[in-house]
2 protein chains.
Amino acid sequence: MKPTHSATIKDVAKKAKVSIATVSRVLNNLTGYSDKTRQKVMEAIKETNYQPNAIARGLINKRTQTIGVLLPKVSVQFSSDILQGIGEYAQSHDYSVIVCNTDADGSRTLKYLQVLREKQVDGIIYTSEVLKPEYYEVIQAMKIPVVLVASESPYASVPYVKVNDWQASYDAVTYLIGKGHRRIAMISGTEKDPIAGRPRVQGYLKALADHGIPFDSKYLVHGNFLFDGGYRGMEEILQKAPEVTAVFAASDETALGVLSAAAKHGVKVPQDLSLVGYDNVKLAQMSVPALTTVQQPLFAMGQVAAAKLISMIMTGVVAENQLVPHSIVERETVGTIGND
Amino acid sequence: MKPTHSATIKDVAKKAKVSIATVSRVLNNLTGYSDKTRQKVMEAIKETNYQPNAIARGLINKRTQTIGVLLPKVSVQFSSDILQGIGEYAQSHDYSVIVCNTDADGSRTLKYLQVLREKQVDGIIYTSEVLKPEYYEVIQAMKIPVVLVASESPYASVPYVKVNDWQASYDAVTYLIGKGHRRIAMISGTEKDPIAGRPRVQGYLKALADHGIPFDSKYLVHGNFLFDGGYRGMEEILQKAPEVTAVFAASDETALGVLSAAAKHGVKVPQDLSLVGYDNVKLAQMSVPALTTVQQPLFAMGQVAAAKLISMIMTGVVAENQLVPHSIVERETVGTIGND
DNA sequence: CTGAAAGCGCTTACAG
DNA sequence: CTGAAAGCGCTTACAG
């Protein structure tokens with residue numbers, strides 16, 4: 001007679017003729033049972049096709065072995081590379097991940113946080129966005145660790161892992177200058193974004209200044225990290241400042257928008273215009289010409305964030321912030337210019 | 001004196017001077033308490049900052065309000081569009097989603113299934129891959145519903161939602177024929193893939209046959225749904241069959257590979273060569289020229305799958321299979337050819 | 001080495 | 001309308 005319900009520890013105990021305490025012990029590889037008992041229990045587990053119930057376990061252990069990941073939809077490829085890294089690390093350390101698409105909508109974030117709390121996740125990874133005080137507060141109340149990826153925060157208890165955006169941007173522009181460019185425009189991300197918006201603009205400005213190139217405000221146009229921002233930005237530049245020889249785009253998607261607009265207006269890349277992107281997302285290799293870009297190690301960032309979080313869960317000690325290395329991957333969109 | 005632990009139903013009961021049963025009742029909007037009691041309880045909830053514990057609730061209800069989603073990494077954009085749809089629907093119906101990246105690795109799938117079982121998910125969505133008998137078996141044992149997206153199965157208890165791949169492919173090729181092309185090559189997906197591989201090839205073959213175009217085996221090359229498959233496939237075609245005037249690629253990524261290879265060899269799209277992709281992923285709008293492609297409503301497919309799954313969870317009755325409509329979105333990669 | 005019992009935070013008959 | 005009690009499937013002192 002097959003049981004209609006899935007086997008529980010009780011069924012195993014009965015079949016093995018031991019107490020549930022003993023079953024629990026062998027299940028958890030504790031000590032305190034003879035080898036013979038172990039045999040009996042193992043056999044009963046096989047026979048009953050027993051599977052532990054993580055919910056019951058979680059209730060008593062106050063550990064669910066699951067973490068929550070909050071990420072905005074923005075620039076999907078970007079997010080999913082990070083998510084991939086998180087998932088990889090988590091899974092190999094016996095954690096599951098609940099994903100929450102905040103979709104750049106604040107009220108949703110709060111709701112998700114609520115759910116994660118009720119579901120008793122052991123920790124949270126927060127991606128690509130500023131950790132607003134209101135979010136920080138509720139997370140505090142949850143008494144679980146959080147780590148930020150591709151974002152940063154002023155909270156000592158919330159470590160982050162990210163690239164040095166300012167520096168990366170500085171390097172990209174310096175790279176362009178090294179190729180002989182002086183009339184370099186930038187299409188930024190969202191203007192007010194304090195993480196990936198402003199710092200990258202600052203890096204651009206500083207690189208110009210350090211190389212004695214006066215800043216021309218026509219050369220800076222604000223985008224939104226997306227394709228259309230790049231497209232429109234490029235058209236604006238073409239109109240207001242056609243003398244520009246290079247464009248630095250704040251994301252690869254933006255750069256692809258530039259590429260499209262350039263093609264539409266008969267501007268040849270890299271012959272007439274050089275272009276550098278940012279992210280080195282899979283896209284960057286697939287365009288024609290292939291995109292020279294600033295690489296962020298997205299997958300690794302996800303892994304590192306997961307590692308930090310899990311370490312915080314286990315030890316209770318706050319992890320260090322971590323700046324991960326960026327680099328410029330050279331492909332086909334940058335040309336050299338002779339001195340003029 | 002602040003409690004060191006988060007408030008439980010017990011704390012609320014004490015503060016409101018009622019039993020935990022009563023608290024539970026108002027929490028769940030049941031009947032059986034005076035308005036006055038309700039007031040007291042609500043107040044106590046506020047004061048204690050009580051949050052329900054979904055784990056405890058799940059243990060007794062045998063419902064966790066979470067579903068598991070299995071998806072391979074292949075063609076990330078594709079997967080994340082579907083995931084987005086699932087997430088959207090799930091969240092608005094009070095379900096959380098645990099994502100499992102199977103990464104085209106079988107043993108991993110089994111392990112994930114195990115985890116999902118232990119975590120007592122209420123249902124599973126399985127994406128883009130064949131549901132192998134061994135997987136089906138363990139899912140059966142879990143006694144929870146499954147639905148397939150962008151895949152199909154012979155199991156009556158496992159509904160799927162997908163596009164009619166055969167038909168979509170047939171339509172794409174017919175479209176090319178309608179534009180005057182007769183020497184049409186195809187770069188397929190993974191050759192043996194029974195879902196997105198073979199049926200699309202069959203559709204190609206049938207469209208050719210129906211229009212009296214003899215099939216030339218040089219015109220069919222197998223790729224892998226990825227960029228490099230398209231790139232290499234295009235080079236192969238250029239070499240073996242340079243007379244080809246159109247290529248049908250089994251995925252947008254593949255099509256971008258074709259675009260790159262074409263550019264590399266000086267073949268102009270659409271002037272020298274027409275190209276149709278498959279998926280209509282965000283990528284397709286970002287290439288130069290923008291890709292004409294077969295659109296799969298990925299986001300909607302995710303939503304529909306989630307809807308079916310949740311309905312199955314609630315009602316216990318198996319949902320119907322669903323073929324969702326595809327269409328051809330015309331952009332810039334197809335040119336017309338005069339009769340010859 | 002082993003088991004009886006308490007308890008994790010809830011829900012739900014059952015009585016009153 | 002309200003509460004005491006049993007129970008969901010586990011783990012973990014505590015005794016022996």
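All values reported here derive from a predicted model rather than from experimental measurement. Order of the sequence lines sets the chain letters (A, B, ...), proteins ahead of strands, with each chain counted from 1. Just so you know, these numbers use all the heavy atoms, side chains as well, and skip hydrogens, waters and symmetry mates.
A straight line from CD1 of B:I55 to P of D:dC10 spans 14 Å, rounded to a whole angstrom. D:dC8 atom P lies 18 Å from atom CG of B:N53, rounded to whole Å. Atom CD1 of A:I9 and atom P of D:dC8 are 13 Å apart (whole Å). Computed from coordinates, the A:I60 CD1 to D:dG7 P distance equals 17 Å when rounded to whole Å. Taking atom CZ of B:R63 as the reference point, atom C1' of C:dC10 lies 17 Å away to the nearest angstrom. Between A:L59 atom CG and C:dG9 atom P the separation is 7 Å, expressed in whole Å.
Between B:K62 and the phosphate of C:dT11, there is no side-chain N or O to OP1/OP2 separation shorter than 4.0 Å. Contact between the side-chain N/O atoms of A:N28 and the OP1/OP2 oxygens of D:dT11 is found at a separation under 4.0 Å. Between C:dG9 and B:R57, no contact under 4.0 Å exists linking OP1 or OP2 to a side-chain N or O.
If you check every strand for non-hydrogen atoms under 4.0 Å, A:Q51 touches sugar and phosphate atoms only. Residue-level contact check: B:T8 touches the backbone only, with heavy atoms under 4.0 Å from sugar-phosphate atoms and none from bases. Residue contacts for B:E118: at a heavy-atom cut-off of 4.0 Å it reaches no nucleic acid atom on any strand shown.
In terms of heavy atoms, B:F225 sits closest to B:D193 at CE1-OD2, 3.7 Å.
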Let's go through A:S157 and A:Q140 carefully: what are the C-alpha distance in whole Å and the side-chain angles of both, what is the deciding distance for side-chain contact (heavy atoms from CB on, under 4.5 Å) to 0.1 Å, and is it a yes or a no? CA-CA 9 Å; A:S157 62; A:Q140 280 287 88; 4.1 Å; yes

Mind running side-chain contact (heavy atoms from CB on, under 4.5 Å) on A:T102 and A:T127 for me, showing each step along the way? CA-CA 10 Å; A:T102 57; A:T127 306; over 6 Å; no

Apply side chain to side chain donor-acceptor pair (under 3.5 Å) to the pair A:T66 and A:K119, showing each step before the final yes or no. CA-CA 9 Å; A:T66 111; A:K119 297 235 162 116; over 6 Å; no

From CA spacing to verdict: side-chain contact (heavy atoms from CB on, under 4.5 Å), A:L71, A:N101: CA-CA 5 Å; A:L71 36 81; A:N101 244 290; 4.2 Å; yes

Begin with the C-alpha distance, continue with both residues' side-chain angles, and end with the deciding distance and a verdict on side-chain contact (heavy atoms from CB on, under 4.5 Å) for A:Y95 and A:I313. CA-CA 11 Å; A:Y95 279 81; A:I313 291 171; 3.5 Å; yes

Could you tabulate the donor-acceptor pairs under 3.5 Å formed by side-chain atoms of residues 19-26 of chain B, not counting sequence neighbours?
| from | atom 1 | to | atom 2 | distance (Å) |
| --- | --- | --- | --- | --- |
| B:S19 | OG | B:A21 | N | 3.3 |
| B:S19 | OG | B:T22 | N | 3.2 |
| B:S19 | OG | B:T22 | OG1 | 3.4 |
| B:S24 | OG | B:N28 | ND2 | 3.4 |

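Checking D:dT12, C:dG9, D:dC10 against the side-chain heavy atoms of A:N61 singles out D:dT12 as nearest.
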Starting at the 5' end of DNA chain C, what dot-bracket string do you get if Watson-Crick and G-U pairs under 3.5 Å are bracketed, crossing pairs use [ ], other-strand pairs use | and unpaired bases use dots? |||.||||||||.|||

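Nearest-nucleotide assignment on DNA chain D puts the 5′-proximal partner with A:K10, out of A:L27 and A:K10.
Other residues, nucleotides and ligands contribute only 12 or fewer heavy atoms inside 6.0 Å of the CD atom of B:E137.
In this pair, A:Y126 and A:Y135 present their aromatic rings tilted. The plane angle is within the 30 to 60° band.
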At a cut-off of 3.5 Å, list every protein nitrogen or oxygen paired with a nitrogen or oxygen from nucleotides 1-5 of chain C, distance to 0.1 Å.
| from | atom 1 | to | atom 2 | distance (Å) |
| --- | --- | --- | --- | --- |
| C:dT2 | OP1 | A:T37 | OG1 | 2.8 |
| C:dT2 | OP2 | A:S34 | N | 2.9 |
| C:dT2 | OP2 | A:T37 | OG1 | 2.5 |
| C:dG3 | OP2 | A:S19 | N | 3.0 |
| C:dG3 | OP2 | A:S19 | OG | 3.3 |
| C:dG3 | OP2 | A:T22 | OG1 | 2.9 |
| C:dG3 | N7 | A:R25 | NH1 | 3.4 |
| C:dG3 | N7 | A:R25 | NH2 | 3.4 |
| C:dG3 | O6 | A:R25 | NH2 | 2.3 |

